[in-house]
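Accompanying notes for the structure given below.
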Protein chains: 2
Amino acid sequence: MSDTASPPPTPPRPAGRAKPRQSDIARAAGVSQATVSLVLRGAATGVVLAPETRRRVLSAAEELGYVPDPVATRLAAARNGMLGLYTFSTTFPTDVAHSYYPVLVGVEEEAAAQGQDLILFTGASRAADPTSDAAAVRRVRAADGCLFFGRHVPRDPIRRLSEDGFPFVYIGRREEPGISYVGADYVSASAEVAARLAALGHRRVRYLRENDDAPASTDRERGVADGARGSGLETDGLVERTDGGDVEARLARWRDEGVTAVITEETDTGAALSGLTAAVARAGLSCPGDLSLALLGTPAAAPAAPVPGLAGAISGFGVPMREMGRAAVRLLLDLIEGGPAPRSHLLACEPVAGATIGPPHPGR
Amino acid sequence: MSDTASPPPTPPRPAGRAKPRQSDIARAAGVSQATVSLVLRGAATGVVLAPETRRRVLSAAEELGYVPDPVATRLAAARNGMLGLYTFSTTFPTDVAHSYYPVLVGVEEEAAAQGQDLILFTGASRAADPTSDAAAVRRVRAADGCLFFGRHVPRDPIRRLSEDGFPFVYIGRREEPGISYVGADYVSASAEVAARLAALGHRRVRYLRENDDAPASTDRERGVADGARGSGLETDGLVERTDGGDVEARLARWRDEGVTAVITEETDTGAALSGLTAAVARAGLSCPGDLSLALLGTPAAAPAAPVPGLAGAISGFGVPMREMGRAAVRLLLDLIEGGPAPRSHLLACEPVAGATIGPPHPGR
DNA sequence: CTGAAAGCGCTTACAG
DNA sequence: CTGAAAGCGCTTACAG
């Protein structure tokens, strides 16, 4: 760097040698800039160029080391090739890191396969108040379309997006009409778990669900109830919520009542499961020795250490998070490309045999 | 070479009502589009607007749900408030999912704190051939600057970026001169592990490293060698590579040779560690009962089930991935804002006591 | 203090 | 088959 004194009057443009543009190629090849564009975009446009023109342009491009400017390309094409991913959660990412990640993996895989980049919108974490939520959601429009993920969602900003015809897809089932989503079939999978317990001989079971009215919770409760009814499990007192008092005390009570199996659900916080396994450990019980334990959903993370009282992996079902991510990207692209009607998919969950359920062993 | 493969595919315009632009605001507020731009960019430009004009513009923008188009902004201003993150790896993300995620968390946290959005550039996964690598790397210019992450890197596309003055930072130490990076101080941390073993009384140790010449591997080997030399460990035959034959056979041989501790390294695939722990389990050995085991780096994932033969968490050191992500974002912003000379940081690694090293117990 | 104009590098009708 | 023109949505001198 030789000249030190006064900085050049130039704007903060990055240094470096000037990059050749289409107009440079045009000059070199003796054609118009538009023709250069046509040649370089190849057969994509269906336009047929004279072979000689084509050759001249290509060799000039080669000669000059031309590289298309992705920013200009995107501006002119009216699509920026970017998909948004917006996650709602109170404390992203620490608490929900593990439930978020598999979805992100699926989204990223499919986006890559489709040649799309991803914009991660992170505003959700900071949204202490609803108005900043609105502002955060609005930014999503910077992408061609957006994926939303999270149990809870600010309704107004989303409705606004919907009214404006901005393409978006939820990951997870939604109640709102006219909204596209890709969800998991919790109802069927949960019913299957109840039926599995019944088949092992259980009759009196408890379902401990989170105190939360997200569709994922509602669906699971319905599945458990349906499954219990269909397979001969007792349905009285079947469902309890996590806000119903101390888990350890309830566990003791359940054992007194002759409950032989407990089902709980996995949500982004993992609170219901961790409360329950802690209570099991403190009570000195083991699963499935003393009590069968089933989980509706994939455990957020493999436990760092073996969980006292559990014989191994928890029985239940797994949520196809990665595939949900992939399917959501495909659906979003359909929407962006003008797919008219909102559509939705429900993906099947995979049963997990696990090691925590077995034949009933009535307590005391 | 001229290549025509530029994203995105091509256009049907998105359905629905168009996104509001500055000209819409201008019409609503009764001012020119240029004035809207001036108002919206705030005091950044130093231009002073009449408070009343400013108010009208801002409220019209709010009303219409205006969001600046990042692509247009970047084309016109060479700055769009977005940072790129590009990951190189042959098989992202399945194999390296867990090593990738903590870095992403750190990057995302710091980006959010600095008011920057993040673009995840996908496509590294598909790069079977080098030319598509080049095209993929080029897309990175859609951001103001970019973070690169991964053990291996296509040199040419990167050099090109560098020549053009595009700001970027590596996460992980690089050898190439003139490239900014944020790395981990593997040399010191690895030396400390060797010294820790020596202090426990070990003399004959093996270091099993991956057969891979990334700086992260090179640094660890150097640290182990330095540490061994400095602490009185034998250095003859200290280092072996994973391509040196069946691990189980080698383990038996080591025991015959009187080796009392084995060190290995964690990389994105986790191959060296998983091979070693499997061999330990099959040989019916336990750590640290029969053999001390140390790991250079954070295990990719907590094992799904307790690993047979290991008394608990593996001893060694942890890599501050999250903090590396954060530091890389800060450095990148410095570069973007005109920081002239490339700079680099090396972050300290945290020793992990773990439960797999102890005093030497010579085999047979 | 604000408008009119030029331009970032490209794509895409529309004429010829 | 190819050129001239308009435009993607913004920023930034430059006039008034």
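Residue numbering restarts at 1 for every chain, and letters A, B, ... go by the order of the sequence lines. Computed from a prediction, not measured in an experiment: that's the story for all the values here.
Distance B:Arg56 CZ to C:dC1 P: 15 Å, rounded to the nearest Å. The CD atom of B:Gln22 sits 12 Å away from the C1' atom of D:dT12 (whole-angstrom rounding). As rounded to whole Å, 21 Å separates atom P of C:dG9 from atom CZ of B:Arg139. One interatomic measurement links the two molecules: CG of A:Asn80 to C1' of C:dG9, which rounds to 16 Å at whole-angstrom precision. Rounding to whole angstrom units, CG of residue B:Asp24 and P of D:dC10 are separated by 9 Å. Between the P atom of D:dC8 and the CG atom of A:Asp69 lies a distance of 18 Å, rounded to the nearest Å. Distance, B:Arg55 CZ to C:dC1 P: 17 Å, rounded to whole Å. At whole-Å resolution of the value, CZ in A:Arg74 and P in C:dT11 are 13 Å apart.
Taking only side-chain atoms of B:Leu75, from C-beta outward, the nucleotide of D:dT11, D:dG7, C:dC8 with the closest atom is C:dC8. Picking from D:dG9, C:dC10, D:dC1 the nucleotide with the shortest atom distance to the side chain of A:Ala50 gives D:dC1.
Looking at residues two or more places apart in sequence or on another chain, you find a side chain to side chain contact (heavy atoms under 4.5 Å, CB included) between B:Ala143 and B:Ile119, B:Phe121. Qualifying salt bridge (Lys or Arg N to Asp or Glu O under 4.0 Å) partners for A:Glu110, counting only residues two or more places apart in sequence or in other chains: A:Arg326, A:Arg330. Here B:Glu52 pairs with B:Arg55, B:Arg56 under the salt bridge (Lys or Arg N to Asp or Glu O under 4.0 Å) rule; sequence neighbours left out. Looking at residues two or more places apart in sequence or on another chain, you find a side chain to side chain contact (heavy atoms under 4.5 Å, CB included) between A:Thr53 and A:Val31, A:Thr35, A:Ala50, A:Val57. Taking the salt bridge (Lys or Arg N to Asp or Glu O under 4.0 Å) definition, one finds that B:Glu62 meets it with A:Arg138, sequence neighbours left out. Shown here are the side chain to side chain contact (heavy atoms under 4.5 Å, CB included) partners of B:Leu83, two or more places apart in sequence or in another chain: B:Gln116, B:Leu118, B:Val329, B:Leu332, B:Leu333, B:Ile336. The ring-ring contact (aromatic ring centres under 6.0 Å, His included) test applied to B:Tyr170 returns B:Phe148, not counting sequence neighbours.
Look at B:Arg74 and B:Asp144 and you find a salt bridge, because one of the NZ, NE, NH1 or NH2 atoms lies within 4.0 Å of a carboxylate O, short of that distance.
For C:dT11, the OP1/OP2 oxygens have a side-chain nitrogen or oxygen of A:Ser37 closer than 4.0 Å. One finds a side-chain N or O of B:Arg21 lying less than 4.0 angstrom from the OP1 or OP2 phosphate oxygen of D:dC8. Side-chain nitrogen and oxygen atoms of A:Thr73 include none within less than 4.0 Å of the OP1 or OP2 phosphate oxygen of C:dG9.
Rounded to the nearest 0.5 angstrom, A:Glu109 CD and A:Gln114 CD are separated by 12.0 Å.
Using a 4.0 Å heavy-atom criterion, one finds that A:Ser23 contacts no nucleic acid atom at all.
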Scan nucleotides 3-5 of chain C against the protein and return all N/O pairs shorter than 3.5 Å with their distances rounded to 0.1 Å.
{"unit_1": "C:dG3", "atom_1": "OP2", "unit_2": "B:Ser32", "atom_2": "N", "d": "3.0"}
{"unit_1": "C:dG3", "atom_1": "OP2", "unit_2": "B:Ser32", "atom_2": "OG", "d": "3.2"}
{"unit_1": "C:dG3", "atom_1": "OP2", "unit_2": "B:Thr35", "atom_2": "OG1", "d": "2.6"}

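Secondary-structure annotation of DNA chain D gives the stems C:1-3 with D:14-16, C:5-12 with D:5-12, C:14-16 with D:1-3, with a stem taken as at least 3 successive Watson-Crick or G-U pairs whose two distances both fall under 3.5 Å.
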